[in-house]
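Scroll down for the structure; my scribbles are underneath it.
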Amino acid sequence: MTQRSEVKQRYLETKAHLLGWLASKLFTYRTTGVDGFVKRILLPKKDKATVEETSNRKL
Amino acid sequence: MTTKSGYSICSICDIGCQVRTESEDGRVTRVIAHDNPLLAKNICFKGVAAPSIHNAPDRLRVPLKRVGERGENRWQEISYEQAMDEIAERLKKVVAEYGAEGMAVSTSGWNTQTTQAADRRFMNLLGAPNWISGVSLCAGNTAAINRLTYGWFPMGDFQNTNCIVLFGHNPKKHSWTPIYNMIEAARARGAKVIVLDPRVSEQAEVADVHLRLRSGTDAAMCLGWLKVIFDEGLYDKKFVAKWCTGFDELKARVDEYPLERVSAITGVDQALIAEAARLYATADGAIIPWTPITDMQISSTSAIRLHSILRAVTGNLDVVGGETLGGFNPDIISESELALHDHLSDEQKAKQLGYEKHPAYTYRVAEMLKPPTEKVWGYPYADIVMGCHMANPSEVFRAMAHGDPYPIKAFFALGNNALMSYPNQHQIHKAMLNQDLIVAHELFMTPTAMMADYVLPGDAFSERNHIADTWNWTTRLGLSQKVADAPEQASNSYQFWRDLAVRFGFEEWFPWSTHDEVLDYRLSRSGRSFADFEAQGFMEIPPAKYRKYRKTGFATPSGKVELSSSVLGDLGFDPLPYFRPGPATSEDFPYLVFNGVREDPFFQTGQRNIKELRDRCPVPRIFMHPDDAKGENLTDGEWIELQTAYGAVSAELSVQPNMKVGHLRVPHGWWYPEATETETLAGAFLSSDAVLCSDDDEFLDREQGIPHFKGFPGRVVKTTKPEAIGAA
């Protein structure tokens, strides 16, 4: 953290803003237009967790 | 057949996973993973079991009125209207005789979810300051203490961080699941993980650095990290110079903790302490996510403050990859506003129990922080995680039991098994026996509900609309839709408080006659209704804003990060963090015990009656190292009793090599619904960790007045398993 310059801070903040905006588009219901395009391009293939498969070992 | 499906916020535990819920003819049939791939893994077996919970045959469906002795569990079914009329009349009598401070409320927002601050609103209109909650031991107190240093409670930026520090916290696939998934994702892209835990937990097994510290020594460890960071110049000097106060005083305090001393206290090798401190301080973005472990120690205030201080001095505060200060979401009216805290007079606020002796999360500190909070965040009261305006639970139960310093004679427990959720269970029991009125609002009969005069059935998450706002911890809003029908005589917790308020003549202050109307009101700030919100999506996350303090300063009296806390100083406490040891082991009690630990199939004291969850963990188990077990001549699977100077719990022994020698781990919140007919209060006193700890002042954190659950002396002896105990 102590190595970050002001330029790097601003770069990271801008990048985070952009990704945040994209994320907000992914949480809508729209499947058309820009939102739908973003979803089709960016979202990974649906990969549901199966609950039994994710069972913890003995506590 | 009518089928429905919708988006839900699961409220089986406190993490609030976003899932999908399906129903047929008004009964929930299935809870499945979210259909958005980014959220699909946020589901656990508790959530999947929701249909079994919501449709359970033993679920409370009708209001009950006590007909036997208190705690005898004999009831008469009555209507909701009759119950509310009688509760109101009896509460009015208590208030007339003892004042509004003669009522206390204990609640868990995680369980009730839909209160919308109506409890505080009613209490503030009435003049009642004594509201308590389990968040006094878990997240709520952390929020309050964080405010002392920089004015808000931050959330870690898991998506961008390069280092995650877990102080005893052990998120797993079925416990704090979204946190677990975020840690896994961070680890997959190269983030380092540091775990501090006496036990080789699941997170510790895969950590980059694991410090096996002695239970209850978090504050000393943090002071050791700061010693390394200051001595080696690994702190953000510009930020400290411009935005922090009290650095020189803090540095002098830290110099009192050379690594030799820290190593002696924590039991961790000096070189390993230094390695972890360097890894944290030099990571390009590091987080110390909230942990319930640090929340429950005799030096909790100092340890929480030290987490805050580490974030600040290493430059990880309100930056990408660090921990961000969210503030209020501007699109929704906050519960802080709904609560009407300004309505409660200064005189009544000063009567809040804890105000004098342990004020850190009471109105006393909240009032001190009003001006900077309003300046920076736009509203003077910030109920973050509901934890910033609470009474002290131990003082409340003392007042209920002994009338000291004044009597409390009416007790309301909503979604909260209070008898088993706070320390000194025998005092809580005595407190309940000394009440004129106890009201419980629950999904199921619990030991606390058995002590009530009235038990009202609550609703479940599949049966209501809701917008989850994470209680201001983050600015995220999540959608939860009603897909099933609640039992006809059930009420959500907003409805309960509203209906009580109307009976007290406060109807004009509760113009929203239903919970759905409150949601519309809250969203009116952004010109929307719940229907509008529902039509747009299932989650909203306003864009993060970083380094906001450059424009506003911090919401502290000085406007800066207070490494030396002016609030604590003004209250007569040490303004600097320190380590205070917990009670020492002895020949009679040779082990360090840590309790308050929850098991994956359950949330706190709940769900022991749900077979598919109970089958995963049929009995409570105490963990012990093989060397200790051998020394005690005990074998795995035996039934043992753990004894402290204050009480005893019995449970099955689980011999585990991953335990630290000399330590015992006790699970939280065990009782036995199957033993309702045979054991007092369904076995509430057999295996409850709430009996183990004292809440005498010498064992409490000074500033908050919370107990030391992490590292107190105990011993074990063989015993026999009570016959009535078995799987649900």
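Throughout, protein chains are lettered first and strands after them, A, B, ... in sequence-line order, and every chain is numbered starting at 1.
- Proximity to chain A is absent for every atom of B:Q18, based on heavy atoms less than 4.5 angstrom apart.
- In the model, B:R476 has no side-chain atom that pairs as donor or acceptor with a side-chain atom of B:T474 under 3.5 Å.
- Heavy-atom distances place no part of B:Y180 under 4.5 Å from chain A, backbone and side chain included.
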Q. Passes side chain to side chain donor-acceptor pair (under 3.5 Å), B:N170 versus B:Q203? Steps please.
A. CA-CA 6 Å; B:N170 187 31; B:Q203 286 291 343; 5.0 Å; no
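- Considering B:Q481, B:E22, B:R20 as possible partners of B:S5, the one that fulfils the side chain to side chain donor-acceptor pair (under 3.5 Å) test is B:R20.
- For A:K8, the part lying near chain B is the side chain, with the backbone staying farther off; criterion is any non-hydrogen pair under 4.5 Å.
- Proximity to chain A (any heavy atom under 4.5 Å) is restricted, for B:L479, to the side chain, taken from C-beta onward.
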**Q.** Pair B:R199-B:E205, salt bridge (Lys or Arg N to Asp or Glu O under 4.0 Å): steps then yes or no
**A.** CA-CA 10 Å; B:R199 194 168 73 92; B:E205 282 179 354; over 6 Å; no
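- In this model, a donor atom of one side chain and an acceptor atom of the other lie less than 3.5 Å apart for B:Q656 and B:S654.
- Of the listed residues (B:E540, B:K238, B:Q536, B:K545), the one with the most heavy-atom contacts under 4.5 Å to chain A is B:Q536.
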